[in-house]
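These numbers come from a predicted model, not from an experiment.
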Amino acid sequence: MSAALLLDLASVAVFAVTGALVAARAQLDPVGFVFVACLTAVGGGTVRDLLLDRPVFWLADPRPVALAGALAMAVFFTHHLLASRIRVIVWLDALALAVAVAAGVAAAHGTGAAPWAQVVMGVVTGCLGGLMRDVVVGEVPLVLRQGELYVTAALAGAVAAVAARTVLGDGWPPALACAATTFALRAGSIRLGWRLPGFRPRPPR
């Protein structure tokens, strides 16, 4: 099993759980759980593969969708064990973002894409699944919340992956550098309140 596929499966698993927990907050039925979990899990990777003009990863191998569906059902029957679902969702989403960005960069690198395209595909893979999840259930997307280091964390992680590959070569170091950078920035935003300055309109003169 390739490193890119392992990263895809890992991001699918964590994003699926966040999707199912959001479905629990929205009080959806089992079909809704599976739908939201699968959409969250494979949404970003699907867009990535379409843009890279390569076979969509879950159409070529049904394991990601099966894994997402199974985890959705597991959360459906155990969500009540989590005292604060929103906190769990935010932290799991940060972990999933870190892994998904690394998966996106690795997938783009495998197609021979230019470094800048690898960075873009990392951001797309990491951010779009969670964006779709939140839009579908009618919540303000994490990716768009004011000042949050979300896309910024994904961008920094993708750049770190490309830089690490240039210095250290292929293998796991680029993925680890990407995941560590992305998660550190996202965790700092969640835990320490790191923010980008927000837009403040000024009255016309």
Side-chain angles (χ1 to χ4, degrees), residues 1-19 37-68 92-135 141-144 148-187 189:
M1 187 180 294
S2 67
L5 179 57
L6 282 173
L7 289 169
D8 265 334
L9 287 175
S11 66
V12 160
V14 187
F15 265 136
V17 173
T18 71
C38 290
L39 178 67
T40 310
V42 305
T46 299
V47 176
R48 173 202 68 205
D49 290 344
L50 291 173
L51 290 173
L52 290 172
D53 195 24
R54 67 176 220 162
V56 177
F57 73 106
W58 58 271
L59 291 177
D61 181 354
R63 283 178 293 179
V65 172
L67 176 62
L92 282 177
D93 187 86
L95 177 59
L97 177 68
V99 179
V101 173
V105 174
H109 174 70
T111 67
W116 68 266
Q118 296 176 34
V119 171
V120 172
M121 290 303 103
V123 174
V124 166
T125 308
C127 296
L128 287 192
L131 177 64
M132 295 175 186
R133 172 198 66 209
D134 295 339
V135 168
L142 281 173
V143 68
L144 296 178
E148 290 275 357
L149 297 185
Y150 199 100
V151 176
T152 303
L155 178 62
V159 171
V162 172
R165 181 172 288 109
T166 301
V167 175
L168 302 173
D170 293 333
W172 285 103
L176 294 175
C178 177
T181 301
T182 304
F183 187 79
L185 288 174
R186 186 73 188 112
S189 182

For Ala156, check side-chain contact (heavy atoms from CB on, under 4.5 Å) against everything at least two apart and list the hits. Thr181, Leu185
Chi angles and distances behind the side-chain contact (heavy atoms from CB on, under 4.5 Å) call for Trp172, Leu6: CA-CA 11 Å; Trp172 285 103; Leu6 282 173; 4.1 Å; yes
The complete set of salt bridge (charged side-chain N to carboxylate O under 4.0 Å, His left out) pairs with one or both residues in residues 96-116, sequence neighbours excluded, reads none
Which side-chain N or O atoms in residues 47-58 pair as donor and acceptor under 3.5 Å with protein atoms at least two apart or in another chain?
residue : atom : partner : partner atom : Å
Arg48   : NH1  : Asp8    : OD1          : 3.1
Arg48   : NH2  : Asp8    : OD2          : 3.2
Asp49   : OD1  : Arg54   : NE           : 2.7
Asp49   : OD1  : Arg54   : NH2          : 3.3
Asp49   : OD2  : Phe57   : N            : 2.8
Trp58   : NE1  : Thr46   : OG1          : 2.7

Validation: residues 120-133 side-chain donor-acceptor distances under 3.5 Å, sequence neighbours left out:
residue : atom : partner : partner atom : Å
Thr125  : OG1  : Met121  : O            : 2.7
Arg133  : NH1  : Thr18   : OG1          : 2.9
Arg133  : NH1  : Asp93   : OD1          : 2.9
Arg133  : NH2  : Asp93   : OD1          : 3.2

Kindly determine whether Thr182 and Cys178 satisfy side-chain contact (heavy atoms from CB on, under 4.5 Å), including the steps that lead there. CA-CA 6 Å; Thr182 304; Cys178 177; 4.1 Å; yes
Ala187: what forms a side-chain contact (heavy atoms from CB on, under 4.5 Å) with it, not counting sequence neighbours? Trp91, Phe183
Show me the donor-acceptor pairs, under 3.5 Å and distance only, between side chains in residues 96-117 and residues at least two apart or in other chains.
residue : atom : partner : partner atom : Å
His109  : NE2  : Asp170  : OD1          : 3.2
Thr111  : OG1  : Ala108  : O            : 2.7

Non-hydrogen atoms of Ala13 and Leu67 that approach each other most closely: CB-CD2, 3.9 Å
